[in-house]
Amino acid sequence: MNIERILEGLNESQRLAVRAPDCPVLVVAGPGTGKTLTIVRRIAYLLAKGARPEEIVAITFTNRAASELKERIRIFHGDLKGLFAGTFHLFGLRIIKDTWGDEFSILSREEQLEVIKGVSGSGRPSSIIERISRIKNLLDEPDDRIKKIMEDYQEALQKKRALDFDDIIIRAIDLLKDPSNQNRYRKTIKYIIVDEYQDINPLQYRLLKAFSIERIFAVGDPDQSIYSFRGANVKNFLDFEKEYPQAIRIVLDKNYRSQAFIVKASESLIEKNKERIPKKIVSIKKEGPPLRLVSVPDDRAEIEFIAHEIEKRLGGMSHYSLMRGLQAERGGYSLSDFAVLLRTNNQVFALETELKKTGIPCYVMGRVFSETLKEILSYIQENKDKPWELLLQELRERYRALNSLFDNYMPSSSDDLITWLKLTGPEEDRLEAEGVRLLTMHMSKGLEFRVVFIAGLEQGIIPLEAEDIEEERRLLYVAMTRAKEELFLIHARKRSLYGKTGAQKASLFLSEINNQCIEDIFIPDRPLKEKQMGLF
DNA sequence: AGACCTGTGTTTTTT
DNA sequence: ACACAGGTCT
């Protein structure tokens, strides 16, 4: 492929990154600045310069990120045999399989729980698993008690010829360090591209180091580092240039995602952090409407507000959809254009229940396949009096991805459908349902929505704790920068939390946002009468 | 073994 | 509020 095509449509800093020389490269990629685009073109560039696909390894953190990357490589470059694009774990697995073959298994969460129950005397099995995982990831030191449990645990795994997820990385490091493997990997792999470099933990860092490769292309954003609780260490990112003195740094600072007010507001927030690489992200879009900072009397009003704002916009849709073709320009919305972002899963589930009562279909993101399956099952149970045909139609409407699955097959009974779903495969995204997106702020990373509501912006929720206030600030920064067009920041003056109803203070972060980007909305307390009558 | 009381924590999550 | 582990009593 020629260089002109590879650089086509890229801005100046993206071009610099794509054409960077064969030295360590650190790409600081702010939100919405074309990070994946840059990686895709960088790979194309390396290939154009004569690299072979099997010399390039591109590592991501999640399967979602990996499949997005692969898909975009495929679109731009066509299928590339030999190029690795996948997670740390998949990469580790490949190395282990090269040496051991397929004679081992990966422990599922359930199996892991069983093994732990067998070897530990007391304590919650799930917390013991967590503790072991932290130790394996070099985040914690074992005491004598846990040492003993770990020994028994590993012995049980050995018997089963099984590895847990952390073992995959640990074994891969051992194999890479083994002198007999040096030629096999260290010499054949010439380029490593690491996505979300700010999120790597000490164990993953060791894996990268085991290659002793200088041609590392690290992409990430320290301002979006939100996983320190699982060992992600921004220091790796901030120290990159100390570690590789010949490294070059490129900052991608043009945001193509969000309208200018959203970028400006989120920048004003993140600037309050001290530990960061200074950068200034600018939007290439128009200002757009100001952010709405909404004060509501209580959690119930919060839901009513969100429901009302969504309905207002969807109302527009039914009107405009009568005039086909105009929908996009006139701002016709679909349910999945809206997202409500929350700090904790508790809030997500509470909101799901309440928002559904207002008649707005919701889709909780990140819910695993088996839970979605349970949902379908219970829906069938609840509605088993309805004719099967009708029920099926409703399930399609609800789970829109079922449509494409049904193209070649029409189940004739509920049993049939369920067994069939299991056989068709557990790819949860295929069951993605139509509905307003509900998710945690953490889960929102990497996603974008036209209209975003961030709810529960109160002290004790975000920031949840006083310690590591900078990470909490980054989390809100990530959440805010998901919005493309409109952003609502909502806080309740009163809320029930852990069974207690009490007064809430607005998050201190709200006062840190540049108020030139903000329009205040104040919803007054309910009239006393309504309160007493306990409407709804 | 099963009922019942009591203390405790209670984010965020991937593979 | 609520789940869950662990102890105690029957």
Side-chain angles (χ1 to χ4, degrees), chain A residues 59-67 86-96 105-113 116-117 120-130 132-134 136-137 139 162-172 195-196 198-201 203-204 207 224-232 299 341-350 353 364-369 371 426 428 438-447 454 456 458-479 495-502:
Chain A
I59 294 181
T60 62
F61 273 83
T62 63
N63 283 317
R64 188 179 82 194
S67 46
T87 61
F88 272 100
H89 290 83
L90 187 64
F91 185 72
L93 209 55
R94 175 164 299 192
I95 291 174
I96 295 169
S105 65
I106 308 296
L107 219 57
S108 73
R109 178 83 185 172
E110 288 71 30
E111 290 169 311
Q112 203 179 7
L113 278 168
I116 284 293
K117 278 179 195 160
S120 69
S122 61
R124 286 169 58 160
S126 58
S127 24
I128 296 174
I129 288 175
E130 192 152 315
I132 292 176
S133 180
R134 288 190 67 83
K136 286 185 175 181
N137 280 285
L139 311 173
L163 299 177
D164 67 20
F165 280 112
D166 301 318
D167 289 337
I168 296 173
I169 309 291
I170 295 170
R171 298 304 164 107
D195 191 15
E196 307 278 15
Q198 79 283 352
D199 279 338
I200 63 170
N201 76 15
L203 191 66
Q204 290 155 340
L207 181 65
Q224 294 184 67
S225 167
I226 54 173
Y227 285 110
S228 73
F229 70 92
R230 65 176 198 215
D299 29 7
L341 272 44
L342 301 148
R343 179 64 180 82
T344 68
N345 272 314
N346 271 347
Q347 293 171 273
V348 173
F349 297 133
T353 315
V364 176
M365 298 189 70
R367 182 164 283 178
V368 293
F369 180 77
E371 283 174 26
E428 62 212 67
L438 309 185
L439 62 164
T440 61
M441 295 184 187
H442 280 88
M443 231 177 302
S444 75
K445 195 162 140 192
L447 306 175
I454 305 178
E458 294 135 44
Q459 291 293 96
I461 297 179
I462 172 104
L464 194 68
E465 280 177 343
E467 68 177 76
D468 211 350
I469 198 91
E470 298 218 340
E471 174 134 333
E472 295 281 310
R473 199 180 272 113
R474 288 193 292 267
L475 184 55
L476 181 55
Y477 175 72
V478 167
R495 168 187 309 276
S496 64
L497 213 58
Y498 299 129
K500 280 201 180 82
T501 303

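Quick note: numbers below take in every heavy atom, side chains included, and nothing from hydrogens, waters or symmetry partners. Chain naming here is simple, since letters A, B, ... match the order of the sequence lines and numbering starts at 1 in each.
If you measure from atom CZ of R343(A) to atom P of dT11(B), you get 9 Å, rounded to the nearest angstrom. Between the CG atom of D164(A) and the P atom of dT14(B) there is a distance of 17 Å, given to the nearest Å. In this structure, I454(A) places its CD1 atom 17 Å from P of dT12(B), rounding to the nearest Å. As rounded to whole Å, 13 Å separates atom P of dT14(B) from atom CZ of F61(A). One atom, CG of N137(A), and another, P of dT13(B), lie 17 Å apart when rounded to the nearest Å. Rounded to a whole Å, the CD atom of Q112(A) is 11 Å from the C1' atom of dT15(B). Whole-Å rounding puts the Q198(A) CD to dT14(B) P distance at 16 Å. Summarising the geometry, the separation between CE on M365(A) and P on dT12(B) is reported as 17 Å, rounded to the nearest angstrom.
Here F229(A) counts as stacked on dT12(B): its ring centre is under 5.5 angstrom from the base ring centre and the planes meet at under 30°.
The side chain of Y498(A) contributes an N or O atom lying less than 4.0 Å from OP1 or OP2 of dT11(B). Remark: T344(A) is not in phosphate contact with dT10(B), judged by side-chain N or O atoms under 4.0 Å from OP1 or OP2. For dT14(B), the OP1/OP2 oxygens have no side-chain nitrogen or oxygen of N63(A) closer than 4.0 Å. Here N345(A) does not reach the OP1 or OP2 of dT11(B): none of its side-chain N or O atoms lies under 4.0 Å away.
No engagement by M441(A) is indicated, since no non-hydrogen atom pair under 4.0 Å with the nucleic acid exists.
The heavy-atom pair separating I168(A) from L93(A) by the smallest distance is CG2-N, 3.6 Å. Closest of all the heavy-atom pairs between I226(A) and H442(A) is O-NE2, 3.1 Å.
Listed nucleotides: dT11(B), dT14(B), dT13(B). Nearest to the side chain of Y227(A): dT13(B). For H442(A), whose side chain is taken as the heavy atoms from C-beta onward, the closest listed nucleotide among dT15(B), dT13(B), dT11(B) is dT13(B). Comparing atom distances between the T87(A) side chain and each of dT13(B), dT11(B), dT15(B) picks out dT15(B) as nearest.
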Review point. Checking side-chain contact (heavy atoms from CB on, under 4.5 Å) for the pair D468(A)/E470(A): CA distance, chi angles, key distance, verdict?
Key: CA-CA 5 Å; D468(A) 211 350; E470(A) 298 218 340; 4.2 Å; yes
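In this structure, the side chains of E196(A) and T60(A) stay at 4.5 Å or more apart for every pair of heavy atoms.
Aromatic ring pairs are classed by plane angle as parallel below 30°, tilted from 30° to 60° and perpendicular above 60°; the pair F61(A) and F88(A) is perpendicular.
Taking atom P in both dT11(B) and dC4(C), one finds a spacing of 13 Å when rounded to whole Å.
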